[in-house]
Q: 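This is the structure I want to talk about, given as structure tokens.
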Amino acid sequence: VQLQACGGGLVQAGGSLRLSCLASGRTTKISAVAWFRQAQGKERDFVGVISWGAGSIFYADSVKGRFTISKDNSKNTVYLQMNSLKVEDTAIYYCAAADPGSLYGSHYPTTSNFQTWGQGTQVTVSS
């Protein structure tokens, strides 16, 4: 499986962006796709995740109500719609795919649950 993220850019606070994550290769191996973000000098944090089949979704509290994850299986693409952006949302955003069973028993997704990573796309929110 390979992932390619795109859609980042520079936006003013309060604005919106939509990120896309295109999966290719053996997509039948994917059980879920997540978005993580990493601000400069900080750890990579979980943003949200969507199951590849049923479409179950879970968000980090910091983005709940502002960000929306969706998917189009016909296009092998997962989206992250980001609204009401804040300066603190500035980060490199990564999409990641989990193999079947990787999230089993996890109470909260972490980077260790995901085996395949995209290259990241920069989101910068200005005040």
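Scope of the values below: all heavy atoms of this structure, side chains included, with no hydrogens, waters or symmetry mates. Sequence positions, counted from 1, serve as the residue numbers for this chain.
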Q: When rounded to the nearest 0.5 angstrom, what distance separates OG1 in Thr27 from CD in Gln2?
A: 10.5 Å
Q: Does one side chain, of Ser24 or Gln4, offer a donor that lies under 3.5 Å from an acceptor on the other?
A: no
Q: Do you see a donor-acceptor pair shorter than 3.5 Å between the side chains of Asn83 and Ser16?
A: yes
Q: Hydrogens and angles aside, do Ser106 and Asn113 bring a side-chain donor and acceptor to less than 3.5 Å of each other?
A: yes
Q: With a 6.0 Å cut-off (strictly less than), is the heavy-atom count around CD of Gln40, excluding the residue itself, greater than 12?
A: no
Q: Using a cut-off of 6.0 Å, state whether more than 12 heavy atoms not belonging to Tyr108 lie near its atom OH.
A: yes
Q: Would the Trp117 and Phe36 ring centres measure less than 6.0 Å apart?
A: yes
Q: Let me see the working for Ser62 and Arg37 under side chain to side chain contact (heavy atoms under 4.5 Å, CB included), right down to the final yes or no.
A: CA-CA 12 Å; Ser62 59; Arg37 64 186 181 185; 3.6 Å; yes
Q: For the pair Thr77 (side chain) and Asp72 (backbone), establish whether a donor and an acceptor sit closer than 3.5 Å, ignoring hydrogens and angles.
A: no
Q: How close do Ala39 and Ala91 get, counting heavy atoms only, and between which atoms?
A: N-CB, 3.7 Å
Q: Of the non-hydrogen atoms in Phe114 and Ala32, which two are nearest, and what is the gap between them?
A: CE2-O, 4.3 Å
Q: In terms of hydrophobic clusters joined by side-chain contacts under 4.5 Å, are Phe46 and Val63 together?
A: no
Q: Do you know which of Ile92, Leu19, Leu80, Leu17 makes side chain to side chain contact (heavy atoms under 4.5 Å, CB included) with Thr121?
A: Leu19
Q: Going by the side chain to side chain contact (heavy atoms under 4.5 Å, CB included) test, name the single residue among Gln38, Met82, Gln122 that passes it with Tyr93.
A: Met82
Q: Consider only side-chain heavy atoms of I, L, V, M, F, W and Y, link residues closer than 4.5 Å, and tell whether Trp52 and Tyr79 are in one cluster.
A: no
Q: Assess the side chains of Lys75 and Asn73: does a donor N or O sit below 3.5 Å from an acceptor N or O?
A: no
Q: If we ignore hydrogens and angles and just use 3.5 Å, is the side chain of Arg26 paired with the main-chain N or O of Val1 as donor and acceptor?
A: no
Q: I'd like to know if the side chain of Ser84 reaches the main chain of Gly14, judged simply by a donor and an acceptor atom lying under 3.5 Å from each other, with no hydrogens or angles considered.
A: no
Q: Please confirm whether the backbone N or O of Ile69 pairs with a side-chain atom of Tyr59, one donor and one acceptor, at under 3.5 Å?
A: yes
Q: Which heavy atom in Gly8 sits nearest to a heavy atom in Val123, and how many Å separate them?
A: CA-CG2, 4.1 Å
Q: Think Arg44 forms a cation-pi with Tyr94, using NZ or CZ under 6.0 Å from the six-ring centre and within 45 degrees of its axis?
A: yes
Q: For a quick test of reading the model, state the closest non-hydrogen atom pair linking Cys95 to Leu3 and the distance between them.
A: O-CD1, 3.7 Å
Q: Quick one: does any side-chain atom of Ser20 pair with a main-chain N or O of Cys6 as donor and acceptor, under 3.5 Å?
A: no
Q: Look at Lys64 together with Asp61 and state whether they make a salt bridge at an N to O cut-off of under 4.0 Å.
A: yes
Q: Quick one: NZ on Lys86 to OG on Ser127, what's the gap to the nearest 0.5 Å?
A: 14.5 Å
Q: Determine whether Leu103 and Phe58 fall in the same hydrophobic cluster, where Ile, Leu, Val, Met, Phe, Trp and Tyr are linked whenever their side-chain heavy atoms lie under 4.5 Å apart.
A: yes
Q: Using the rule given for side chain to side chain contact (heavy atoms under 4.5 Å, CB included), can you reason through Val78 versus Ile50, listing the C-alpha separation, both sets of side-chain angles and the distance that settles it, and then say yes or no?
A: CA-CA 8 Å; Val78 172; Ile50 185 167; 3.9 Å; yes
Q: Would you name the heavy atoms of Val87 and Ser126 that are closest together and state the gap between them?
A: CG2-C, 4.1 Å
Q: Passes side-chain hydrogen bond (donor to acceptor under 3.5 Å, both in side chains), Gln115 versus Ser102? Steps please.
A: CA-CA 9 Å; Gln115 293 72 41; Ser102 295; 3.1 Å; yes
Q: To the nearest 0.5 angstrom, please state how far the OG1 atom of Thr90 sits from the CG atom of Leu85.
A: 8.5 Å
Q: Check the pair Asp89, Arg66 against side chain to side chain contact (heavy atoms under 4.5 Å, CB included), reporting the backbone distance first and the verdict last.
A: CA-CA 11 Å; Asp89 294 319; Arg66 299 188 299 122; 2.7 Å; yes
